[in-house]
Amino acid sequence: MAARLLPWYADNGRHHLPWRHTVDAYALWLAEIMLQQTRVETALDYYPRFLEKFPGWESLASANLDDVLALWSGLGYYARARNAHRTAKLVAADWNGLFPDTLEEAMLLPGVGRSTAAAVLDSAYGQSQAILDANARRVLLRVHGLQGNPRAPAQEKTLWRLAEQETPDPAHEYNQAIQDLGSLVCLSKRPRCTNCPLMGVCRGSPAVTGEASPQVSGGSGKRPRPKRFGLFLLALDGSGKVFLERRPEQGVWGGLWCLPLVYEETSLPGPEDLAEGAALAASRFGAVLRAGEILSFRQHVFSHFILEFATLPAFLPAMQQVPDALSHGQLWAPGDALGLGLPSPIRRILEELC
Ligand code: SF4
């Protein structure tokens, strides 16, 4: 594979990516974390802004988590931001500001799996390490014609063995090449086999199998996502401030500021659910729903489900004292709230208020 991939990479690789031009372990680790569940095009927008605000372990370690989440806002999978913050604190405090230089030690850091650790050690410290990110995994599955669940432990073991077997020493260029091939050519849905340098050796390619497309999907055979329906309380006080509460650390949108969720089910809310939502809003928040508002649902796609959500506009009367239910919440001027860590659908709602 290396003999075919390296010349292809020299001519076709994504040499412009900013993390390809640094050997700084912090910058490389940050890119790896961002790219774990985010498309390159999206990460390219966030990466320089994050590096500018938090240029190294120390600055990220000493940052307020709210500021980190605010900058991560819109990237999704917020556990990554919380883990990144914890990792920076550990590296700054326990590792003298240096990313650990062995796989075993690097993998002790929150959110750092074997492939992430290997990629940083390879790029920052010149260690020849095999990687197995989603792109490398898909290419290896197809080239070696592997069938079955790619996440099953036995298959995982086989994939790591093949990754080590195929990875040359030095590994750096090859690691970039296999990622780029997966990203540009060996696409999960419509692989461009006729443009692929591995066409002659790939056991999954149509030339070998006689099928119209590679036999091994590499994990693209996703089941349709289930739908959930949610109602957020959009409670404004007399001065136009909006009530937001912080989500629990664990779970969806963990640690982010959000409108209170007063309904979340697998079915559309009916009139009785709206009445229940109104009663909940009144008892927990002292909010009075504005009558006659038409609910218009929007969609937010998560990796495991689709959330169809609407807002329940409500008026929040001046309060003599803050009820217990509000102790983890706060009123914010919508413009100020935009500086917080917010889920992207909530950000869009607040932007409309500004
Ligand atoms: S020949 Fe097709 S299936 Fe095989 S690695 Fe190339 S693009 Fe992927």
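Just so you know, ligand 1 is whichever comes first in the structure, and atom 1 is the first atom listed for that ligand. Values in this document were obtained by computation on a predicted structure and should not be read as measured data.
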Student: With atoms numbered from 1 as shown, which atoms in ligand 1 lie under 4.0 angstrom from a non-hydrogen atom of R142?
Tutor: 3 (S)
Student: What residues, two or more places apart in sequence or in another chain, satisfy side-chain contact (heavy atoms from CB on, under 4.5 Å) together with V301?
Tutor: R225, Q299, I306
Student: Just by distance, with hydrogens left out, do Y77 and S303 show a side-chain donor and acceptor under 3.5 Å apart?
Tutor: yes
Student: Measure from the side-chain N and O atoms of H300 to the backbone N and O of I346, and report whether any donor-acceptor pair falls under 3.5 Å.
Tutor: no
Student: Quick check on atom 4 (Fe) of ligand 1: does C186 put an N/O/S atom closer than 2.8 Å to it?
Tutor: no
Student: Verify the distance criterion only: is there a donor paired with an acceptor across the side chains of Q36 and R80 at less than 3.5 Å?
Tutor: no
Student: For ligand 1, which atoms, with element, lie under 4.0 Å from some heavy atom of C202?
Tutor: 1 (S), 3 (S), 4 (Fe), 5 (S)
Student: Using 2.8 Å as the threshold, say whether any N, O or S atom from C196 sits that close to atom 6 (Fe) of ligand 1.
Tutor: yes
